[in-house]
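Notes for the one structure printed next.
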Amino acid sequence: MSLPQKALPPKYFYDANGSRLFEAICRLKEYYPTRSELSLTRRHLAAIARFARKGGTLIEYGSGESMKSRLLIEALRPSAYIPVDISEHALRNAAATLRRSFPRLDIHAVHGDFSQPLTISMAHGEGRRVVYFPGSTIGNLGPAEAQAFLRMTRSQVGPGGAMLVGVDLRKDANVLHAAYNDARGVTAAFNLNLLARINRELGADFRLRRFRHYAFYNAALGRIEMHLVSLGRQRVRVGRHRFDFEAGESIHTENSYKYSVEGFGALARSAGFRAKEVWLDRKGWFSLHGLVAA
Ligand code: SAH
Ligand code: AVI
């Protein structure tokens, strides 16, 4: 917040309210990624299961409500399922619901931040380790962070281990723009909730009506950028700190990188994976990559 371009990391979106708003985004007609990834997973489930193999340990990063994971759990019948999420609320709800659906499955929920090194106990699960990272959450990391994250997971799965990563693809900028500027304003509420959370948890005095959601596709960098734009000149207090805003000045709250299939394959290889398989939805809007640790 003290840099010339004020910015906040997107991982802070996900308090209980933020997770609920994200779940509402996934059900919006404009937000195609969830529907595209679900339909491609259903369509290619047999091939995905052949790639990932049955009976291993399934680790999922950014599992949220574990919506797509159900399909994989049914197809792979893993020895353990280890969902990892920064949102305790989403994680506990998802684990409780999954325990009812899969009473014999060993479910070990880990409340943690995957941008820090995480150790996952070897006490859970057996067989091959498969990391599942759906939703294009990898797109919320910058290219260098995404590479570091892939390197970390490669060492976590070990030689021969696998990774399934959902990656949103480059497409018509109008489709992208609509997905992050929905008519009902749910994405705007999700973005503004970050300020509400700072007010609640850090004793700040952001006036939410004095900021506006702004999202656009930055074609040169291949990413959606989300910002909160100050509607006028104002000063905000966060604990003992003061931040001044000019009219039109923004806080950059999220990037959502969109890849080409080849571009993501090159990134995976640079992190020590073999890009073995890729599955697409019918429109070619979303991809699921099957990577094997080299
Ligand atoms: N996998 C789900 C949810 C995607 S939303 C889907 O495909 O729909 C992104 C999820 O990642 C949220 O549940 C959020 O709480 C979690 N998340 C974001 N940053 C995180 C971090 N640094 N560490 C752990 N979880 C994170
Ligand atoms: C979680 N992540 C992949 C979402 C995305 O599309 O970048 C978060 C989101 N931001 C606005 N809408 C959805």
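Just so it is clear, the model here is predicted, and its values are computed rather than measured. Nothing fancy with the numbering, it's 1 onward along the sequence.
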Would K68 pass as a cation-pi partner of Y132, given that its NZ or CZ must be under 6.0 Å from the six-membered ring centre and within 45 degrees of the axis?
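Pair K68/Y132 does not count as cation-pi.
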Is R151 reaching over with its side chain to a backbone N or O of S270, donor-acceptor style, under 3.5 angstrom?
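The answer is yes, because a donor-acceptor pair under 3.5 Å joins these two groups.
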Side chain E254, main chain A215, donor-acceptor under 3.5 Å
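No, the answer is negative, given that no donor and acceptor are paired below the 3.5 Å cut-off.
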Step through it carefully: locate the ring centre of [X], locate the ring centre of [Y], and say whether they are under 6.0 Å apart.
X    : Y    : result
F211 : F206 : yes
Y81  : F102 : no
F190 : Y14  : yes

Kindly indicate whether the side chain of T41, heavy atoms from C-beta on, has any atom under 4.5 Å from the side chain of F286.
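T41 does not reach F286 side chain to side chain.
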Please examine the side chains of D15 and R200, heavy atoms only from C-beta on, and report whether any two atoms are closer than 4.5 Å.
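Touching, per the 4.5 Å side-chain cut-off.
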Shortest non-hydrogen contact from S63 to P83?
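Reported closest heavy-atom pair: OG-CB, 3.3 Å.
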Hey, what's the ring geometry for H241 with F243, parallel, tilted or perpendicular (30° and 60° as the breaks)?
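Because their plane-to-plane angle is under 30°, the rings of H241 and F243 count as parallel.
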Electrostatic pair R27-E65, nearest N-O below 4.0 angstrom
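Looking at E65 together with R27, the answer is yes, because their closest N to O distance falls below 4.0 Å.
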Assess, by modelled atom type and distance only, whether the side chains of S250 and Y214 contain a donor and an acceptor separated by less than 3.5 Å.
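Judged by distance alone, the side chains do not pair up.
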